[in-house]
There are 2 protein chains.
Amino acid sequence: MAATTPRRRDATKTRQLLLEAALQRFTRDGYAATTVRDIADDAGVNVALISRYFKSKEGLFEACLTSSVDEIRRTTGDTPLSRTPEAIARQIAGPCTEGLPHHLVLLLRSSGDEAADRIRLDLLRSYGQRLAVAAGWPEDDETMLLRAQIVLAAATGIALLRTKSGLEPLASATAEDLVAPLRDLVDALMSKP
Amino acid sequence: MAATTPRRRDATKTRQLLLEAALQRFTRDGYAATTVRDIADDAGVNVALISRYFKSKEGLFEACLTSSVDEIRRTTGDTPLSRTPEAIARQIAGPCTEGLPHHLVLLLRSSGDEAADRIRLDLLRSYGQRLAVAAGWPEDDETMLLRAQIVLAAATGIALLRTKSGLEPLASATAEDLVAPLRDLVDALMSKP
DNA sequence: TCCCCTGGTAAACAAATGTTGACTTAAAAA
DNA sequence: TTTTTAAGTCAACATTTGTTTACCAGGGGA
């Protein structure tokens, strides 16, 4: 049989289960409102394993954050400006079939930990720069950087408002519904020359 | 002497102190991360008075929310679309001299309480409708309602990103810096015909 | 078969948190 | 002055929460 023998005792697997459960909880409820027992129960795993595999609750949160950041980096790698609205819309509305929550929202969750804050800030900064560059501006143009960051803020704001409050029609808008307004938004902010 | 005798023991005053301290904490750190002892210390008041004046921590949060909603309703009462960008910019950047945090951010804080959720949702919905109407659209136009809510989401997203992460240049942008991009944003989303 | 290493469990811990009730004291009313 | 009412304080409470420690058990290698 292949190397993927279905072992009942699999540290890697349980680690993954914990990570996914934590990602869901932290994104939906925030850091402080989430308890380690909640996460462990969701994962169907003993609480003590969190401390073992991730050192602490904060360690688990940090792992979630880097995982989410990696995911964002992977799915949004060098998108041209023309495709940015769709990319954002898909990011916000989710891959439709996926039950996982929006990675953007996790970026707004805070544990008070400094390491986590730096991870978050690094992604936001580089994301903003990438957006400005994709729009054809020099990356040290402060005005355009501000505009790019506003696009970013708008995206996260939409994602947050969607999940937190059942504000209709925004809450249940599909990616198709969102792409047209987002195109207008991105165009107006970024391609102004 | 007038009715405003400066009493040392003033229930109304202490209530107010608690409300302001709570507003600050809840907005900055969120509901779960804020303890009643933090609030009481900030206000220079005994902890037990929170339960006395507001019934519970959740009661205090609800009071904060309605207070903030009232403030938003007062300062943004029937603004024409042409002035909306400035109004938003000022709301986001704060009245400059004021130490109070952004009321918009509190709208994204959640205590899990249902009553609070309804208050929040009501404001967001009416705010969105008002925006659509101010732009000259019928208030039952779903497409424009969605666009108005995206404007709202963008505003809250900016406010949140400003306070949570020190993302520059967004974090320390002034109201003047923000008004031009916001004008482009609002124009692109709302006045499309 | 026996041993041992590692994944998993359970109970307990100290610290923190929201809330309550009895007590004290300032200041207005008599 | 005395009385009374309300504002404020103090200490304790029952839970909850993150973390640790000691213990159990399955399964691969000898």
Side-chain angles (χ1 to χ4, degrees), chain A residues 1-23 25-26 28-65 109-113 115-116, chain B residues 1-22 25-26 28-65 109-116:
Chain A
M1 201 193 278
T4 58
T5 326
R7 287 186 298 171
R8 285 225 305 268
R9 301 188 141 203
D10 188 339
T12 319
K13 177 73 178 176
T14 32
R15 221 191 101 105
Q16 187 63 23
L17 284 176
L18 279 172
L19 201 69
E20 284 168 13
L23 211 77
R25 284 276 183 180
F26 284 145
R28 180 154 45 93
D29 305 332
Y31 180 82
T34 299
T35 75
V36 289
R37 285 176 174 82
D38 287 339
I39 298 172
D41 286 353
D42 286 356
V45 157
N46 194 284
V47 204
L49 295 182
I50 289 181
S51 296
R52 180 187 297 225
Y53 290 139
F54 298 95
K55 185 103 186 299
S56 64
K57 184 190 178 186
E58 247 176 14
L60 176 54
F61 178 72
E62 210 174 297
C64 286
L65 206 53
R109 304 305 189 185
S110 179
S111 72
D113 182 33
Chain B
M1 200 194 278
T4 59
T5 326
R7 287 185 299 172
R8 285 227 304 270
R9 297 186 145 201
D10 188 340
T12 319
K13 177 73 178 174
T14 31
R15 221 190 101 105
Q16 186 64 23
L17 284 175
L18 279 172
L19 201 69
E20 285 168 12
R25 284 275 184 181
F26 284 145
R28 180 153 47 92
D29 305 331
Y31 180 82
T34 299
T35 74
V36 288
R37 286 176 173 81
D38 286 338
I39 298 172
D41 287 352
D42 286 356
V45 156
N46 194 285
V47 205
L49 295 182
I50 289 181
S51 296
R52 185 194 296 250
Y53 291 139
F54 299 95
K55 184 104 185 301
S56 65
K57 184 190 180 188
E58 248 178 12
L60 176 54
F61 178 72
E62 209 175 299
C64 286
L65 207 53
R109 304 306 191 184
S110 179
S111 71
D113 182 35
E114 197 177 333

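Letters A, B, ... mirror the listed sequences (proteins, then strands); counts begin at 1. Hydrogens, waters and symmetry mates are skipped; everything else that's a heavy atom, side chains included, is used.
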> Can you check whether A:Tyr53 has a side-chain N or O nearer than 4.0 Å to OP1 or OP2 of C:dG7?
Replying inline: no
> Rounded to the nearest Å, what distance is computed from the CG atom of residue B:Asp41 to the C1' atom of nucleotide D:dT9?
Replying inline: 14 Å
> Mind checking what makes side-chain contact (heavy atoms from CB on, under 4.5 Å) contact with B:Ala43, not counting sequence neighbours?
Replying inline: B:Leu17, B:Leu18, B:Ala21, B:Val45
>> I need the CG-P distance between A:Leu49 and C:dT6, as an integer number of Å.
In response: 16 Å
> If the sugar-phosphate is the primed atoms plus P, OP1 and OP2 and the base is the rest, what is the B/S/- string for nucleotides 15-21 of chain D, using protein heavy atoms under 4.0 Å?
Replying inline: --BBBB-
> For B:Tyr53, what residues pass the ring pair (Phe, Tyr, Trp, His ring centres under 6.0 Å) criterion, not counting sequence neighbours?
Replying inline: none
>> Using OP1 and OP2 only, check whether a side-chain N or O of B:Thr14 sits under 4.0 Å from D:dG8.
In response: yes
>> Can you measure B:Leu17 atom CG to D:dA7 atom P for me and round it to whole angstrom units?
In response: 15 Å
> Roughly how far apart are A:Phe54 CZ and A:Cys64 SG, rounded to 0.5 Å?
Replying inline: 7.0 Å
> Quick one: side-chain contact (heavy atoms from CB on, under 4.5 Å) partners of A:Val47, sequence neighbours excluded?
Replying inline: A:Val36, A:Arg37, A:Ala40
> Contact class for B:Phe54 vs. all strands (heavy atom < 4.0 Å): base, sugar-phosphate, or nothing?
Replying inline: nothing
> Does A:Thr35 have any side chain to side chain donor-acceptor pair (under 3.5 Å) partners at least two apart in sequence or in another chain, and if so, which?
Replying inline: A:Asp38
>> Going by side chain to side chain donor-acceptor pair (under 3.5 Å), name the residues that satisfy it together with B:Gln16, two or more places apart in sequence or in a different chain.
In response: B:Glu20
> For the pair made of CG in B:Asp10 and C1' in C:dA28, what is the distance, rounded to whole Å?
Replying inline: 14 Å
